[in-house]
Each structure stands twice: as structure tokens, then as C-alpha cells.
Amino acid sequence: MLAIWLNGFLRRRLDLILGSAAGVALAVALLALLGAFLVTSGRSMTARSIAAVPVDWQIQLATGADAKFVIDALGQATAYRKIEPVGYADTAGFTARTGGTVQTTGPGKVLGVDRSYRTDFPEQIRSLIGAGEGVLLAQQTAANLHATVGDSIAIERAGLPPVEVKVDGIVDLPNADSLFQAVGLAPSVAPQAPPDNVVILPLTQWHALFDPLTSMRSAAIETQLHVGLTHDRLPSEPMAAYDSVSRAARNLEARLAGAGIVADNLAARLDAVRGDALYAGILFLFLGMPGALLAILVSHAVAVSGSGRRRWEQSLLRIRGASIAQILRLAALEAGTISITGVALGLCLATLAARLLWQDSLFTGAALPWTAAAALLGAMASMAAVLLPAWAQARSLTVAVASAAIAPGAPPLWRRFRVDLLLLLLSAALFWLMQRQGYQIVLAPEGVPAASVDYYAFASPILLWIALGLISARLLGIALGPGRRLLSWAFHPVAGPLSSLVTAALDRQRNRITRAFTVVLLAMSFATSTAVFDATFRAQARVDAELTNGADVTVTGSAALPAGPLLPQLEGLPGVAAAQPMQHRFAYVGSDLQDLYGIDPTSIGRATRMSGAYFQGGNATATMAALAEIPDGLLVSEETVRDYQLQPGDKINLRLLNVTDHQYRTVPFHFIGIVREFPTAPSDSFLVANAAYVAGQTGSSTAEMVLLRSRIEPARLAHEVEAVLGPASGLRVSDIDSALRLVNSSLTAIDAAGLSEIELGFAVLMLLVAAAIVFIPNLAERRRAFAIMAAVGARLPQIRAFIWSEGLLVFLGGSLAGLLSGLLLAGMLVKLLTGVFDPQPEGLTIPWLYLAVLAVAMFVATLAAAVATQITLRRPIVTALREE
Amino acid sequence: MTSPVVETIDAARIFHRGGRSFEALRAASCRVFLGERIAILGPSGSGKSTLLHLLGGLDRPTSGRVAWPELGTNLDLRPKLIAIVPQSPSLVPWLSTVENVELPALLGGEPRTARHQAMTSLENLGLANLAKRLPQELSGGQAQRVAIARALMGDCKLILADEPTGQIDGATAAALFDALLTHLASRDAALVVATHDPAVAARMGRSWRIDHGVLDTAAATGS
């Protein structure tokens with residue numbers, strides 16, 4: 001009997017099997033891809049997060065320690081790729097005699113490095129001008145001394161005569177913070193600022209100059225070993241990698257027994273990205289889980305869509321004496337056929353997608369369990385959708401009721417108990433609680449090993465999503481019931497005098513219509529919220545890149561080698577739409593050295609975006625106008641305002657370097673406002689002032705930087721600028737796209753982009769699945785009903801009115817409701833995941849192009865369902881009338 | 001001389017299915033005039049429904065022709081000129097009783113009077129109390145009476161009923177026919193009923209016999 005049933009099923013209902021299997025396939029494919037994505041992103045997370053660590057470990061040798069012993073102990077503790085000795089010597093200062101004046105700096109550091117250091121750790125020292133080896137001057141030191149390549153400077157040595165050296169090159173130290181970190185301090189101690197004055201000598205020369213001091217002032221002389229570890233065996237997950245590296249460092253220190261202390265930069269970096277890694281994982285939950293739920297729901301909905309036909313067939317079987325067990329066996333056969341077909345199709349689809357997206361396999365390694373789980377979940381959802389109703393109906397419904405054309409039943413439980421409203425209230429309450437605690441989902445305090453994630457935060461958007469789906473189903477029920485007149489009026493342009501019958505027909509097929517409507521709504525809502533979140537994230541990444549780079553193209557120099565003098569040359573380039581100079585100085589606020597940016601507030605906006613979000617008050621135009629009006633006006637950060645209890649109008653004294661005597665002199669300013677962000681400014685405290693006033697007070701109108709707004713692609717303009725400047729200019733040219741690539745390389749950005757790629761594509765497919773849900777169920781019955789109408793006298797356009805009205809209600813209505821829901825959800829997600837945004841978004845960014853694609857998909861789905869139905873109407877009326 | 005409402009001239013209908021052909025109707029020629037009451041009598045599978053479908057314009061003959069000299073072309077026949085009661089089930093399952101009955105008026109562009117006409121038609125057949133029920137909530141006999149009420153809407157000139165008493169007991173069928181014939185008495189519409197029930201055929205003015213697709217229109221006049 002099973003064979004006969006299956007044979008008949010495959011021969012006569014193949015379209016139903018394939019249609020239902022398509023829904024299951026979509027669900028399985030999405031679940032499998034989400035799992036594979038989790039594995040893929042996790043695998044490379046550690047590598048991505050430590051890519052920018054220049055020196056993994058800095059081992060500070062104790063006085064008199066044997067370097068060979070330390071290196072041997074290092075080899076026993078862990079595997080390493082490279083190791084370089086670096087000498088550190090304190091100096092009372094440097095002196096230079098240039099242009100008839102003598103410049104003297106404050107205390108500084110003299111480093112000694114081998115020639116191979118720059119090969120092993122290329123990110124540590126960046127040449128600006130002159131030679132790449134020999135006596136190298138840090139750019140700030142060169143500015144302080146007014147020295148350049150070829151000048152002689154004197155290095156003070158406590159207890160010994162100063163020594164003169166000739167400057168071979170001027171360099172930048174991009175990682176000065178870690179290079180000069182105080183090794184061995186307790187975590188609670190505030191980080192030390194790097195020295196303002198640095199000279200780098202060849203290691204042999206350094207030893208010659210400072211070894212004699214070892215016995216006299218051992219505290220002033222240190223040796224470090226800079227180590228690059230082997231990363232191949234690190235765990236893929238940053239926290240696990242952090243544990244591994246930290247343990248190795250502690251193991252080494254135990255072996256050294258006081259002969260050395262390890263500054264673990266690698267672990268610090270892994271610790272720092274803890275929050276990023278956690279947010280990346282959380283993004284997977286926030287953006288991925290609704291997709292997974294939707295996939296299971298679609299699988300279930302597609303399987304349930306055939307319930308009317310199955311109920312009728314099973315009633316026939318019961319009339320002929322089939323037992324419940326026999327009915328369930330036949331139902332299981334159908335369910336199994338659909339599940340197996342669906343799972344196979346889904347795995348094929350997912351395999352193809354995985355190869356295209358990540359050149360990876362779903363059936364190897366850590367991805368295999370996820371693939372198996374996806375197959376199992378999809379199969380179980382569709383099997384349950386067929387078997388559970390069959391079992392329940394066989395046990396509880398009479399044959400007569402079961403064989404009715406329209407399914408019986410009271411309103412669903414959720415409607416009776418107002419579950420939709422309860423979920424909405426619960427979601428709102430949870431969101432309000434999150435708002436009260438400042439949307440802190442990830443708590444990863446600096447220096448504290450443990451990180452906590454507030455998983456309850458997930459509940460709010462998930463509950464809202466479900467609630468919106470149920471509320472929309474309730475509203476649809478109201479529209480079809482008490483609101484039928486209004487709906488009838490709305491359908492009048494399509495159905496004419498038949499509009500009342502059309503709405504009556506839709507009401508009587510409420511289950512099928514509601515199912516399809518809800519799938520469309522949830523798919524649209526899910527796609528919209530993901531797309532809006534992704535667009536907002538990308539927009540903020542763009543803002544972040546704008547702030548990091550300063551403008552489309554930025555030419556960065558230094559006090560010794562400013563970019564400002566090249567302004568006329570740069571302005572003349574055809575690709576330059578606007579160019580603005582900007583000073584970048586350093587000023588002491590109390591004992592705190594902060595970056596100071598000098599601008600022309602009336603014209604800075606020509607070359608770079610001045611967003612209201614950068615300033616307190618939110619009005620960039622007003623802030624710039626205020627700065628222009630007050631020559632000694634100063635914009636400071638919130639932290640500075642707090643530290644010094646500033647009020648608007650308060651006088652604030654800064655100490656700025658004066659070029660006439662190369663001394664730091666007090667310059668008065670007046671605090672006029674708070675600046676939160678500024679192009680090229682660091683994330684900590686900084687200052688913005690009028691360039692003219694700073695020039696007048698410091699004796700130098702030099703602009704260290706030039707900001708360029710580009711008419712062409714920024715990368716192209718950057719190349720043109722580099723060509724104009726030449727390779728030995730010592731100036732750095734950067735473009736916004738490079739900065740954007742860097743921003744987009746964060747773990748969170750990669751996860752957001754990857755998830756969006758998967759889910760946005762599936763959302764479009766799910767709209768087509770909804771079309772199948774509309775079209776497939778009770779096909780023969782609907783065909784006969786339309787044939788009766790044709791026999792009574794309905795013309796094809798009149799029958800089309802029923803079909804198109806159904807399509808419009810499901811797809812247009814569902815899409816609009818889904819769009820609104822998606823926007824609401826996106827707003828909630830952006831608030832809850834506020835930690836991933838830097839800077840905070842001013843509002844949502846709407847991806848109009850993607851929404852247009854969704855609208856087209858919606859239209860195609862409507863068209864597909866309507867056309868497919870109409871194609872079946874081409875069957876002769878008499879043939880359809882003979883069908884039962 | 002009046003024209004027939006509908007006539008067939010050597011109309012034949014062959015169905016093709018799965019590579020095989022089946023001749024459901026063979027060269028049938030017949031005429032129906034206004035006011036006639038005709039029963040097409042024959043066993044199941046004899047071709048009654050096929051002939052009815054051709055007469056109603058639901059199907060086209062494979063050979064021969066069908067014409068409606070009194071009514072016009074095939075395009076204008078339904079719902080205003082010809083009403084068809086298909087074999088059961090013959091109601092649209094998503095529409096209530098009154099909605100099923102008012103369907104022809106709405107399709108024919110008479111929305112203002114559709115509901116009133118439908119209720120009148122239901123009342124004439126004693127079915128007004130079933131107006132809001134769905135087809136699944138009706139018995140087989142009630143459903144067929146509703147289908148007939150639908151056919152009696154408007155001023156059709158030709159009413160074709162396919163086994164209208166197929167699911168009804170004898171007494172109810174008789175009552176149904178009484179109501180039908182009474183309603184049609186004041187109208188000049190022709191009524192053609194396909195049936196295998198001799199009792200129904202006996203109440204019609206003429207009977208045609210059909211067997212294995214062969215139509216014999218020379219039959220005794222009914223009582």
C-alpha cells in the first residue's frame with residue numbers, strides 16, 4: 001500500500017512535492033550557511049585581530065641578566081619567529097645649534113637597534129626623510145630642535161660628557177605607545193605617555209655610548225628583547241588565543257625567575273578586541289537568529305500549506321476504514337519524501353553558495369555539525385508540520401468535519417490569549433530596561449579578564465519581531481472580518497463590482513492567506529531590518545573613515561616637514577575640488593599633552609565634512625561661526641571640561657611651542673564649546689582653535705596637514721598627489737578608501753557584512769517561497785471553484801480579480817507591513833548594538849537600492865503566484881469541473 | 001418560424017488523455033426552442049454532461065458545430081442568457097449561499113440589484129434561512145437547490161442542469177422540480193436537464209436518449 005501511495009503521489013503530485021521541498025530546501029540552506037559562516041568567521045578571527053600587532057612580546061631584561069639565558073627560556077616556553085635586542089637609555093635632553101640659535105629639549109630616550117630590526121619589525125619605524133639607518137631623529141624631536149638631516153645634535157648623558165652625533169634621517173614612530181611602555185607596571189597604573197624626544201642609534205653605537213653608564217646609573221639603561229611569536233597554533237577565537245598567549249607569557253616569566261619581565265602586547269591586543277569579538281558574535285545572534293527562525297517557520301509554513309488537501313485525503317481513507325496508524329504511516333511517507341527532497345536540495349544550494357562566498361566546504365571540520373544540524377532542523381520542522389496535524393485530526397475530528405472544504409477551528413490560542421500584545425509589552429519593557437542601563441550589552445572593562453554579555457538583550461528584538469508578525473496577522477483578520485467593507489472599497493479598482501465577493505472569498509480562506517501574509521511580512525521585516533542595520537553600519541564606517549583620514553585625501557607632514565607650503569601646488573591638481581590647510585600642533589593642558597588642530601573655521605568645511613554630531617549642540621555651522629567670531633576661542637573635549645570644570649567663556653591657558661625661541665609658552669584661550677569628533681583627531685582628548693591665532697601666538701603659520709576634497713576617485717587622486725610630491729617627500733598621502741578598508745576589516749564589520757550577504761539574498765528567495773505558499777495549497781479545489789465561476793459566466797478578467805486581489809493583499813500588504821516592522825526593528829537593533837558603532841549614528845541609513853530590489857522581488861512573487869494560478873485556469877472548464 | 005435557442009449539427013466531441021482517445025459524443029444533432037422542457041436521459045458515462053457542456057458553450061465540439069440562433073455568439077451567453085447548474089458540488093466553497101446565488105448578477109454587471117434578486121430567488125425556493133451558510137454547512141440537496149436558485153437569477157433563456165437531483169431523495173427531488181417548473185412557468189426559458197432518473201424525465205415535455213455518445217432525439221413526449 002505504501003508503494004502504491006508513493007507511486008501515485010510522485011506521479012500526480014510531483015508539483016506539490018517540489019514546491020513544498022523548495023521551502024524546506026531554503027530553510028536548510030540558510031541554516032547551513034549561517035552555521036558555516038560562524039565557523040568561517042571564527043576561524044580567522046584571531047588572525048584578523050592580531051594582524052596589526054607590530055611586536056608580540058617585549059621582554060625587559062633585569063640588570064645583569066644573561067640575554068642568552070632569556071632567549072633559551074623563551075624557546076622552551078613558546079615558539080617564536082623573530083627576536084631583536086633593543087637598548088633603551090634615558091637622557092637629560094638633546095641640544096642642537098641651528099640657524100644661530102641653540103635649542104635644547106627636555107628629557108628623552110635614546111634607542112639602540114640593529115640593522116635587522118627594521119626588517120623584522122617594519123611597522124615600528126617609518127622613514128620620513130633622509131636615510132633609513134644610522135642616527136635617526138623622531139619627527140617631534142626634529143621639530144623641537146629645528147634639526148634636519150645633516151645637522152649635528154648633542155646627546156646628554158648623566159655623569160658623562162654629551163656626545164655629538166650627525167643626523168642621518170628623520171622618522172616617525174607609529175607605535176610609540178607600545179615601544180616606550182613601562183614594562184612591569186601594575187595594570188591599575190595609568191599608561192605612561194611616550195617620551196617627546198627620541199633619538200635612535202645603531203645598536204653598536206648605542207652600546208658604545210651607554211654601556212659605561214650601566215654601572216653608574218643602571219636604572220637609566222635597559223635592554224629589551226622584541227619578539228615575534230609563531231601564530232599558526234593560536235586558537236581561532238580571540239579569547240581562547242588570549243588565554244594561550246597569556247599562559248605562555250606567565251610560563252616564560254616563571255622560567256626567567258626574575259631575569260626578565262614580559263610586556264605582552266599580543267595578549268593586550270586580543271584583550272582589546274574582546275569587545276569587538278563579542279560584538280561580532282552577538283551580531284551573529286541578533287542578525288542571524290531571526291533568519292534561522294524564519295527559515296524554520298517557512299519550512300513549517302510550506303509543509304502546513306498542504307494541510308487542507310491532506311485532511312481531505314485522510315478523511316477519505318478513514319471512510320474506507322484506514323486506522324490512525326495507517327494514516328500516520330502514509331502521512332510520514334509524504335512528509336519523508338518532502339523532507340528528504342528538501343534537505344537534499346537545500347544542502348546542494350548551501351554547498352554552492354559556500355563555495356561561491358568563501359571557497360569553503362560545508363562537510364568538513366567544524367562546519368559539518370552545523371550542516372547536519374541544519375538538515376535535521378529543516379527535516380524535523382517539515383515532518384512535524386505534516387505528522388502532528390494528521391495525528392491530531394485523526395484523533396479529534398469526525399470524518400465529515402475533516403472532509404469539509406474549509407478547515408474547521410476556533411481562533412488560534414495566541415489570538416484568544418492576546419499573546420501578540422503580551423509579547424509587544426514584554427519587548428518594550430526589556431528595551432526600556434536596556435535603555436536605562438545605557439545599552440551596555442557587552443561589558444569588557446579594560447584590564448579585567450572576564451567579559452560579560454547581557455543575553456537578555458536578545459529577547460527584546462526577537463519578541464518584537466514575533467509580536468509584529470502576530471499583530472499583523474490579527475490586523476489582517478480584522479481587515480478581512482469587521483473591516484471587510486474598507487477592504488472591499490480598496491479592492492474596487494481591481495475587482496469592480498466583485499470586490500465584496502473577493503473580500504468574502506479571502507476571509508473564508510483566511511488560514512492560507514494569513515500564513516502567506518505572515519511569511520511575506522516576516523521575510524520583508526527581516527530583510528529590511530538587516531539591510532537598514534547594515535547600511536547604517538556601513539554609513540558609520542564611512543563616517544569613521546572620514547574622521548580617521550580627515551578628508552577624501554589627506555597629505556600629512558610634520559612640524560619639520562609640513563604639507564602646508566605645497567597647498568598651491570595641490571590646489572592646482574585637476575582632481576582637487578577643494579584644499580584646506582590644517583595645523584597639527586601639541587599643547588599642554590596642565591601636564592597633559594594634547595593634540596591641537598588649528599583651522600580656518602570659515603573655510604574648513606570646503607575640504608572636509610563638518611557634521612553636527614562632531615560638536616555638542618549638534619550644529620556644526622553655529623560652532624564654526626562661534627569659533628570664527630572669537631579669535632582665541634577653543635573647542636575642547638568633554639573629558640577636559642570635566643577635568644577642569646570649565647564653563648563656556650572660561651579662560652584656559654595652554655602651553656604651546658614657540659618657534660622663535662623653541663620654548664613652550666603660555667597662550668591664553670577662551671573655552672567656547674565641546675568637540676566630540678574631528679577629522680584626523682584621536683579618540684581621546686584634543687583641542688581645536690583658530691589657525692590664525694595659533695600662528696600669531698607661536699610665531700609659525702605653518703600647516704602640517706592639507707585636506708583635499710576630491711572630484712575623482714580618492715585613490716586616484718592620492719596617486720596623483722604622490723606623483724606630484726615624489727617618493728622622497730617625507731609626506732604621507734592617505735585616501736579615505738584605504739581608511740574605509742581598515743575600518744571594514746574589524747571583526748564586527750566583517751561579521752555584519754558576511755551575515756548581510758547571506759541573509760539579504762535569502763530574504764528575496766523567501767518572498768518567492770511565499771508565492772508558492774499562496775499558489776500551491778488546495779490547487780485542485782481552487783481550480784474547480786474558478787471553473788464553477790466560469791461556468792456561471794465569469795470572464796477571465798473577473799476571475800483574475802480574485803487572483804490579483806489575493807496577490808496584492810498578501811504581497812503588497814505583507815510587504816508594506818514588513819517594511820514598517822523592519823524599520824522599527826532596525827531602530828531597536830541600532831540602539832541595542834550601539835557599542836558596535838563608532839561614532840554613534842545620527843539616524844538610520846535607508847538602503848533605497850536594496851529596498852527597491854525587495855520591491856521588485858515582491859512584485860515578481862506576486863506576478864509568479866498570479867501567473868501560475870492563471871496558467872492552471874487554461875485547463876478546459878469541463879476538465880476542471882470533473883475534478884474533485 | 002422561430003429560431004432555436006440552441007442547436008447542434010453533427011457535433012462530436014473526442015477527448016484525448018494519456019495517448020488514448022475517447023469519443024464522448026458522436027455526431028449529435030438537436031434543437032432546443034424557447035419554452036421547451038427537455039430531459040437527456042442516459043446511464044452514467046453516456047455523454048449527457050458532454051452534450052450539456054456543448055449546449056452551454058462550456059466546451060467546443062471536435063467536429064460539427066453548435067449555434068445559438070436566438071441568443072447570439074458564444075461570447076455573450078453566460079451569465080445573462082444561459083444558466084448552468086453543474087454536477088454537484090456546484091457551489092463556490094468560499095462564498096456563502098446568498099453570495100453564490102448573487103454571483104451571476106454581479107458578473108453580469110448588476111451590482112445594485114444583485115443581493116435583492118438573490119434573496120428573492122432563495123425565498124422562491126424556500127431557502128432564505130440558509131442565506132449566510134457556507135456550502136460545507138449545507139446538505140447535498142440544499143446545495144443543489146441553491147445552485148438552482150442561482151440558475152433562476154435574472155432572465156436566462158436557456159437553463160441547463162446536470163444531474164440536479166443526483167444527491168436528493170425522491171420526495172425532495174419532486175418538490176424541487178415542482179418549484180423549478182412553477183418558477184419557469186411564467187417564463188419562456190428553455191430547460192434542459194441531464195439525468196439518469198426516469199421520474200425526472202417523465203416530468204419534462206421531451207426526452208432525448210443518449211447511450212455511448214449516440215444521441216436519439218426521437219423520444220416520447222412526457223406527461
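All values below come from the heavy atoms of this structure, side chains included, with hydrogens, waters and symmetry mates left out. By convention in this document, chain letters (A, B, ...) are assigned in the order of the sequence lines, proteins followed by strands, and residues within each chain are numbered from 1.
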**Q** Do B/I84 and A/V792 touch side chain to side chain, with heavy atoms closer than 4.5 Å?
**A**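 Sidechains of A/V792 and B/I84: no contact.
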
**Q** Report the distance from atom CD of B/E99 to atom CZ of A/R508, rounding to the nearest 0.5 Å.
**A**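 CZ of A/R508 is found 4.5 Å from CD of B/E99.
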
**Q** For chain A, which of B/S90, B/P111, B/A83 has the most heavy-atom pairs under 4.5 Å?
**A**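 Between B/S90, B/P111, B/A83, the count favours B/S90.
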
**Q** For chain A, which of B/L106, B/V85, B/L91 has the most heavy-atom pairs under 4.5 Å?
**A**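 Most heavy-atom pairs under 4.5 Å with chain A: B/L106.
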
**Q** Fit a plane to each ring of A/F786 and B/W94, take the angle between them on a 0 to 90° scale, and name the class: parallel (under 30°), tilted (30 to 60°) or perpendicular (over 60°).
**A**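 It falls in the perpendicular class, over 60°.
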
**Q** Where is the tightest heavy-atom contact between B/P86 and A/A791, given as atom of each residue plus distance?
**A**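 Nearest pair, atom of B/P86 first, then A/A791: CG-CB, 4.5 Å.
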
**Q** For the CG atom of B/L107 and the CE atom of A/M789, what is their distance to the nearest 0.5 Å?
**A**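 Here the rounded value is 6.0 Å.
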
**Q** Sort B/E102 into side chain, backbone, both or neither according to what part of it lies under 4.5 angstrom from a heavy atom of chain A.
**A**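 It is the side chain, since no backbone atom gets that close.
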
**Q** Kindly give the heavy-atom pair with the smallest separation between A/A504 and B/L95, and that separation in Å.
**A**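 Residues A/A504 and B/L95, closest heavy atoms: CB-CD2, 4.4 Å.
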
**Q** Which atoms of A/L498 are under 4.5 Å from chain B, going by heavy atoms: the side chain, the backbone, both sets, or neither?
**A**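 For A/L498, the contact with chain B is made by the side chain alone.
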
**Q** Let me know which of B/V92, B/N100, B/L103 forms a side-chain contact (heavy atoms from CB on, under 4.5 Å) with A/I788.
**A**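 The option that passes is B/V92.
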
**Q** Measure distances from B/R112 to the heavy atoms of chain A and classify the residue's part below 4.5 Å as side chain, backbone, both or neither.
**A**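 Neither part; nothing is under 4.5 Å.
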
